[in-house]
Amino acid sequence: MNQSRSCGRLRIMLGHLGQRWAGAAVAHPTSGAVSPNSFQTPQFQYTRDNNVLSLEQRQFYEENGYLVIKNLVSDADIKRFRNEFERICKGEVKPEQMTIMRDVTIAKSEYAPSERTVSKVQSFQEDEELFRYCTLPEVLKYVECFTGPNIMAMHTMLINKPPDSGKKTSRHPLHQDLHYFPFRPSNDIVCAWTAMEHVDRNNGCLCVLPGTHKGYLKPHGYPKWEGGVNIMFHGIQDYDENSPRVHLVMEKGDTVFFHPLLIHGSGWNRTQGYRKVISCHFASADCHYIDVKGTSQEITEREVVGVGNKIYGIPKDTSLKDVFRFRGRLVKGERTNL
Ligand SMILES: CCCC(=O)SCCNC(=O)CCNC(=O)[C@H](O)C(C)(C)COP(=O)(O)OP(=O)(O)OC[C@H]1O[C@@H](n2cnc3c(N)ncnc32)[C@H](O)[C@@H]1OP(=O)(O)O
Ligand SMILES: Nc1ncnc2c1ncn2[C@@H]1O[C@H](COP(=O)(O)OP(=O)(O)OP(=O)(O)O)[C@@H](O)[C@H]1O
Ligand SMILES: O=C(O)CCC(=O)C(=O)O
Ligand SMILES: [Fe+2]
Ligand SMILES: [Mg+2]
């Protein structure tokens, strides 16, 4: 009687921790006492046990699909990324394979590239200075908790969200990053996103819908925004308007790790500053590529290959997986599959 009541209470407590357990507490067969040692290991689905994350951190990621680590990247490293970004904007270096994006409101203007006209650089894997970000041991230490030991850097960006022109084109609509990726399984992919300065709702910090990583990949398309939308900024059409949103206020060097199914975006930048972040999507090298033809991701393949054809002359029948196979770089362990 007592025993089943205490088991029930324990289950309630565990339920409060929000954790899926393989089994409830096991009562000792003869004494009836509940020994803490007889708990089975919790069934974590989204994190791995490598003694880096505390139990609370693992539970937080499992439940919410993201985890912020304060003060992870040093000021000195961020200064180096900033300097290199400035050199790229001035045209002093032109890393191969990298694309430079301007806000849609000035996409067709004749402005010379400068820190004020570049809204994002993407695919900087051939830029030694920026790519250092993807090899920082303090970052990889956390990445490994999600990907395991064979780690590939698959997608890199430095985002310089400009002051909004008044048309709210600096917004990034709510989306799931998996929409852009032709590899699986999703639980072996993680994004590291590091604030290069203080970010909050005023300059368009990251906004997340906690727990949405437990859902599926949703269809994406261009939002119907009056002021225009940046190329490839696809959004989820049918997200739950009432789903709670969390705005991640972060300081320089703080890093958020998040799951590729987590619904997220960023609001418009109402300041006069250029909000800078650096990020990389990592995946386990043991992941496998998928063919996105006939899926909701076809639009990504069409646009990415279309741009690649226009800028680099890649064949029009190149697949999204070929693009990623070419872009991906091993940063730790062995390049097994990807
Ligand atoms: C987890 C992943 C999440 C994401 O990846 S989100 C989005 C990812 N993709 C991107 O950021 C795109 C990367 N950027 C690029 O590929 C290039 O910057 C881009 C957009 C092709 C521009 O390349 P450029 O070399 O500057 O070529 P271009 O000036 O001749 O422009 C080509 C055509 O694109 C247009 N364009 C450029 N920037 C744009 C913008 N922000 N929004 C809408 N359209 C834009 C531009 O007007 C031009 O159009 P047209 O061919 O003249 O009609
Ligand atoms: N009408 C909309 N349709 C789809 N996504 C939107 C819409 N408005 C905002 N978002 C997105 O929702 C997320 C949360 O944005 P947030 O509410 O912080 O900014 P905002 O709506 O741009 O500005 P505000 O602070 O005025 O609400 C961002 O990803 C933003 O791009
Ligand atoms: O930093 C931001 O604005 C978010 C960008 C983003 O989510 C993305 O490019 O996938
Ligand atoms: Fe994203
Ligand atoms: Mg809003």
Side-chain angles (χ1 to χ4, degrees), residues 66 94 97-111 113 117-124 154-162 164-165 167-181 189-196 199-209 220-239 241 243-250 256 258 260-270 274-283 297 299-300 303-312 320 323-324 327:
Y66 69 96
K94 289 191 166 55
Q97 301 171 22
M98 198 193 71
T99 54
I100 291 185
M101 191 170 186
R102 299 192 278 178
D103 188 78
V104 60
T105 53
I106 57 162
K108 290 188 194 292
S109 71
E110 295 299 314
Y111 293 129
T117 62
V118 175
S119 58
K120 155 145 100 169
V121 299
Q122 190 151 304
S123 303
F124 55 64
M154 298 302 286
H155 183 78
T156 51
M157 299 185 279
L158 193 152
I159 308 168
N160 187 46
K161 191 194 275 282
D164 199 89
S165 63
K167 296 187 162 171
K168 295 203 178 171
T169 52
S170 64
R171 280 186 302 193
H172 200 127
L174 292 168
H175 65 283
Q176 295 165 304
D177 289 342
L178 195 68
H179 170 70
Y180 296 94
F181 301 145
I189 306 171
V190 71
C191 177
W193 187 102
T194 300
M196 293 173 66
V199 292
D200 61 25
R201 202 164 176 169
N202 285 318
N203 60 3
C205 63
L206 207 68
C207 168
V208 302
L209 274 50
H220 287 59
Y222 283 108
K224 293 173 185 64
W225 287 349
E226 271 175 39
V229 187
N230 284 307
I231 188 164
M232 284 184 231
F233 279 34
H234 306 152
I236 293 176
Q237 314 281 355
D238 71 329
Y239 64 92
E241 298 261 354
S243 180
R245 295 176 178 192
V246 174
H247 289 84
L248 300 181
V249 176
M250 293 164 58
V256 58
F258 63 92
L261 284 170
L262 183 75
I263 300 177
H264 66 282
S266 60
W268 55 293
N269 181 359
R270 319 146 201 244
Y274 291 73
R275 186 225 62 176
K276 288 181 182 54
V277 308
I278 187 164
S279 87
C280 178
H281 285 83
F282 297 93
Q297 292 180 260
I299 174 178
T300 304
E303 292 195 350
V304 168
V305 174
V307 163
N309 173 263
K310 204 175 158 181
I311 301 183
Y312 302 109
L320 195 59
V323 171
F324 276 90
R327 269 188 199 165

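First listed ligand is number 1; within each ligand, the first listed atom is number 1. Both backbone and side-chain heavy atoms feed into the values below; hydrogens, waters and symmetry mates do not.
- Looking at Lys276 and Asn160, their side chains do bring a donor and an acceptor atom within 3.5 Å of each other.
- The contact set between ligand 1 and Lys120, taken as ligand atoms under 4.0 Å from a residue heavy atom, comprises 6 (S), 7 (C), 11 (O).
- Of the candidates Cys207, Pro173, Ser266, it is Ser266 that places a heavy atom closest to atom 28 (C) of ligand 2.
- By the side chain to side chain donor-acceptor pair (under 3.5 Å) test, Asn203 is found to be paired with no residue, residues two or more places apart in sequence or in another chain being considered.
- Ser119 and Arg102 share no donor-acceptor pair across their side chains, judged by distance under 3.5 Å alone.
- Nearest non-hydrogen protein atom to atom 26 (O) of ligand 1 is Ile100 O, 4.2 Å.
- Shown here are the ring-ring contact (aromatic ring centres under 6.0 Å, His included) partners of His220, two or more places apart in sequence or in another chain: His179.
- There is a protein heavy atom closer than 4.0 angstrom to atom 37 (C) of ligand 1.
- Regarding atom 27 (O) of ligand 1, its nearest protein heavy-atom neighbour is Ile311 CD1, 4.7 Å.
- With Asn230 contributing its side chain and Ser170 its backbone, the two residues share no donor-acceptor pair below 3.5 Å.
- Closest to atom 15 (C) of ligand 1 by heavy atom, among Ile159, Thr99, Val121, is Thr99.
- Annotation: the span from Met154 atom CE to Cys280 atom SG amounts to 9.5 Å, rounded to 0.5 Å.
- For ligand 2, the polar-atom distance check finds an N/O of His172 within less than 3.5 Å of one of the ligand's N/O atoms.
- The single protein non-hydrogen atom nearest to atom 41 (N) of ligand 1 is Arg102 O, 2.7 Å, given as residue, atom name and distance.
- When heavy-atom distances to ligand 3 are checked against 4.0 Å, the residues falling inside are Lys120, Met157, Ile159, His172, His175, Asp177, Trp193, Leu206, His264, Ser266, Arg275, Val277, ordered by chain and number.
- Here's the thing with Asn230: one of its N/O atoms is less than 3.5 angstrom from an N/O atom of ligand 1.
- What sits closest to atom 8 (C) of ligand 1 on the protein, heavy atoms only, is Gln122 NE2, 3.3 Å.
- Between His175 and Asp177, the shortest heavy-atom distance links the atoms NE2-OD1, 2.9 Å.
- Ring to ring, His264 and Phe258 are close: their centroids are under 6.0 angstrom apart.
- Between Tyr180 and ligand 1, no N or O atom pair is found at a separation short of 3.5 Å.
- Atom CD1 of residue Ile299 and atom OH of residue Tyr222 lie 6.0 Å apart, to the nearest 0.5 angstrom.
- Backbone and side-chain nitrogen or oxygen atoms of Arg270 are examined, and one is located within less than 3.5 angstrom of a nitrogen or oxygen of ligand 2.
- Not a single salt bridge (Lys or Arg N to Asp or Glu O under 4.0 Å) links Lys120 to another residue, sequence neighbours left out.
- Contact detail for Thr169 and Gly227: the closest heavy-atom pair is CG2-O, 3.3 Å.
- Classification of the His281-Phe181 ring pair by plane angle, with boundaries at 30° and 60°, yields perpendicular.
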